[in-house]
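Before any comments, here is the structure.
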Amino acid sequence: MKYNKCGKSSIQLPAISLGFWHNFGSVDVFETGRQMVLKAFDAGVCHFDLANNYGPIPGSAETNFGRILREDLAAHRDEMFISSKAGHDMWPGVYGDGSSRKNLIASCDQSLRRMGLDYVDVFYSHRYDGVTPIEETMQALVDIVRSGKALYAGISKYPPHLQQQCYDYLAAHDVPCLLSQYPASMFKRATAENIKLAAENGSGVVCFSPLAQGLLTNKYLKGIPADSRAAKSTGFLRMDQVTPERVDAARLLDEIAKQRGQSLAQMALAWLLHDENVTSVIIGTSSMKQLEDNLQTLENLSFSDEEILNILKIIDNPALEM
């Protein structure tokens with residue numbers, strides 16, 4: 001496994017991290033998830049990314065991860081970097097959503113109980129809710145860290161102007177932002193400004209949805225399979241997002257990947273890791289085969305100038321942006 005430093009911190013994360021947004025909830029096969037976690041950990045993946053609302057049902061991914069920790073990995077807690085987040089709809093009533101101090105602190109406590117942990121390594125504000133003052137949300141993160149419930153603070157999906165405010169507030173209160181998490185892929189290039197701003201402020205960058213919910217794999221090159229995310233009612237990829245433009249682009253990219261001796265998914269992950277500002281990419285695999293394929297990405301992370309030019313010609317198209 002390749003490890004990268006988180007910005008100015010000495011903390012290192014694996015280049016590839018395992019995320020629990022999909023495939024680890026109550027609707028999924030527990031044993032499959034368990035085997036993927038153990039295989040990933042044996043391969044050097046020590047960063048596991050969760051959130052309070054991951055499932056479905058919300059909270060079930062943390063519950064399942066807690067069971068795996070308790071039954072299989074209890075002796076290895078200090079070898080792991082475990083993250084959680086709060087900010088999206090989680091429980092009924094006016095306090096179960098958003099970025100308020102009440103929501104973040106209650107959510108952190110609930111996440112710790114579900115996973116059976118005394119602390120998480122980093123706790124994120126999952127989003128800006130459009131209402132809560134930045135100062136309130138960031139002070140909640142500061143207090144969560146100072147209480148020992150998290151070792152570090154992080155932010156996710158904040159727009160650039162508010163992103164800078166977060167960095168400034170946290171730094172002024174001696175709890176610098178360790179990690180910034182944003183969606184990024186060959187089909188999601190709009191967050192390049194966020195990634196650059198994070199690096200300028202000494203924050204590590206973790207990219208999620210690096211395979212564009214599976215569009216940057218060979219899964220949709222010949223249509224929408226019945227077992228795919230786009231075909232599932234519980235998935236986040238909609239059928240109308242599997243557009244002809246994206247499928248055509250994926251086919252062209254797949255040809256370049258074959259010439260590199262990689263799968264399309266491997267090349268898409270390598271493309272992000274080629275950016276020196278990216279600390280880690282989060283994969284969300286549904287099978288051991290996918291996990292093994294993704295991990296093999298690390299065998300080839302370099303791109304020739306010609307490959308870069310050819311890839312940019314394909315993806316420099318606003319119709320591909322997700």
Side-chain angles (χ1 to χ4, degrees), residues 1 14-51 54-57 60-69 71-73 80 82 183 185-187 206-239 241-242 246-247 250-251 253-254 257-258 261-273 280-300:
M1 178 56 64
I16 294 177
S17 302
L18 186 62
F20 285 68
W21 184 14
H22 305 289
N23 308 318
F24 291 90
S26 56
V27 300
D28 302 295
V29 178
F30 174 80
E31 187 58 27
T32 301
R34 174 179 172 271
Q35 291 299 325
M36 287 193 292
V37 170
L38 297 181
K39 172 69 175 179
F41 184 67
D42 286 344
V45 176
C46 53
H47 176 212
F48 299 99
D49 182 78
L50 298 103
Y54 286 175
I57 56 174
S60 59
E62 288 185 329
T63 298
N64 285 338
F65 182 61
R67 178 181 167 187
I68 296 168
L69 283 175
E71 295 179 359
D72 300 290
L73 296 170
M80 300 178 188
I82 300 168
S185 73
M186 288 174 161
F187 290 172
V206 177
C207 296
F208 68 91
S209 294
L211 302 181
Q213 297 292 321
L215 285 174
L216 288 166
T217 71
N218 61 9
K219 181 168 285 187
Y220 297 98
L221 299 183
K222 297 180 181 179
I224 301 177
D227 62 346
S228 65
R229 285 185 186 178
K232 290 181 179 180
S233 61
T234 57
F236 284 82
L237 180 68
R238 304 186 310 273
M239 284 192 180
Q241 290 178 299
V242 189
R246 291 179 183 134
V247 172
R251 287 174 180 152
L253 292 168
D254 187 49
K258 288 176 180 175
Q262 289 185 312
S263 68
L264 175 55
Q266 289 168 352
M267 186 178 77
L269 295 173
W271 180 257
L272 292 179
L273 290 170
S280 184
V281 295
I282 297 174
I283 58 172
T285 56
S286 60
S287 68
M288 291 292 282
K289 184 177 183 301
Q290 285 184 4
L291 176 63
E292 291 167 356
D293 179 82
N294 287 180
L295 292 174
Q296 288 171 8
T297 298
L298 302 178
E299 296 175 8
N300 184 9

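We're numbering straight along the sequence, starting at 1. The analysis underlying the following values was restricted to heavy atoms, covering all of them including side chains, and did not include hydrogens, waters or symmetry mates. The structure presented is a predicted model; accordingly, all values stated were derived computationally and were not measured.
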Closest approach of Asn23 to Gly284 (non-hydrogen atoms, all atoms of both residues): ND2-O, 3.0 Å
Whether Ser26 side chain and Pro56 backbone form a donor-acceptor pair below 3.5 Å: yes
Minimum heavy-atom distance Ala40-Leu291, with the two atoms named: N-CD2, 3.9 Å
Set of residues satisfying side chain to side chain donor-acceptor pair (under 3.5 Å) with respect to Arg34, sequence neighbours excluded: Glu31, Asp72
Distance (rounded to the nearest 0.5 Å) between Asp254 CG and Thr217 OG1: 9.5 Å
Note, Phe24 side chain near Leu18 side chain (heavy atom, < 4.5 Å): yes
Side-chain heavy-atom pair Phe20, Glu62 within 4.5 angstrom cut-off: no
Which residues share a side-chain contact (heavy atoms from CB on, under 4.5 Å) with Leu73, sequence neighbours left out: Val37, Leu38, Phe41, Ile68, Leu69, His76, Met80
Non-neighbouring partners of Asn218 that pass side chain to side chain donor-acceptor pair (under 3.5 Å), sequence neighbours left out: none
Residue pairs fulfilling salt bridge (charged side-chain N to carboxylate O under 4.0 Å, His left out) with at least one residue in residues 287-297, sequence neighbours excluded: none
Close side-chain approach of Lys219 and Gln213, heavy atoms under 4.5 Å: no
Sidechain-backbone polar pair: Gln266 side chain, Gln262 backbone, donor-acceptor under 3.5 Å: no
Minimum heavy-atom distance Ala43-Leu295, with the two atoms named: CB-CD1, 3.7 Å
For Trp21 against Phe208, the heavy-atom pair lying closest together: CZ3-CD1, 4.1 Å
Backbone N/O of Ala212 and side chain of Ser209: donor-acceptor pair under 3.5 Å: no
Residue pair Gly25 / Asp28: nearest heavy atoms and the distance that separates them: N-OD2, 2.9 Å
Euclidean distance, Leu273 CG relative to Asn300 CG, rounded to 0.5 Å: 11.5 Å
Between NE2 on residue His22 and OG on residue Ser286, distance to nearest 0.5 Å: 10.5 Å
Counterpart residues, ring-ring contact (aromatic ring centres under 6.0 Å, His included), relative to Phe48 (two or more places apart): Phe65
Beyond-backbone contact of Asn294 with Val281, side-chain heavy atoms, under 4.5 angstrom: no
Side-chain touch Leu216/Ser185, heavy atoms, less than 4.5 angstrom: yes
Closest non-hydrogen atom pair between Ala268 and Leu211, with its separation: CB-CD2, 3.7 Å
Sequence-distant partners of Thr297, side chain to side chain donor-acceptor pair (under 3.5 Å), two or more places apart: none
Gap separating the CE atom of Met1 from the SG atom of Cys46, nearest 0.5 angstrom: 8.0 Å
Separation between CD of Gln290 and OG of Ser263, rounded to the nearest 0.5 Å: 10.0 Å
Nearest-0.5 Å distance that lies between atom CE in Met36 and atom CD1 in Ile283: 9.0 Å
Whether Arg246 side chain and Leu215 backbone form a donor-acceptor pair below 3.5 Å: no
Pair Leu298-Ile16, side-chain contact (heavy atoms from CB on, under 4.5 Å): steps then yes or no: CA-CA 9 Å; Leu298 302 178; Ile16 294 177; 4.1 Å; yes
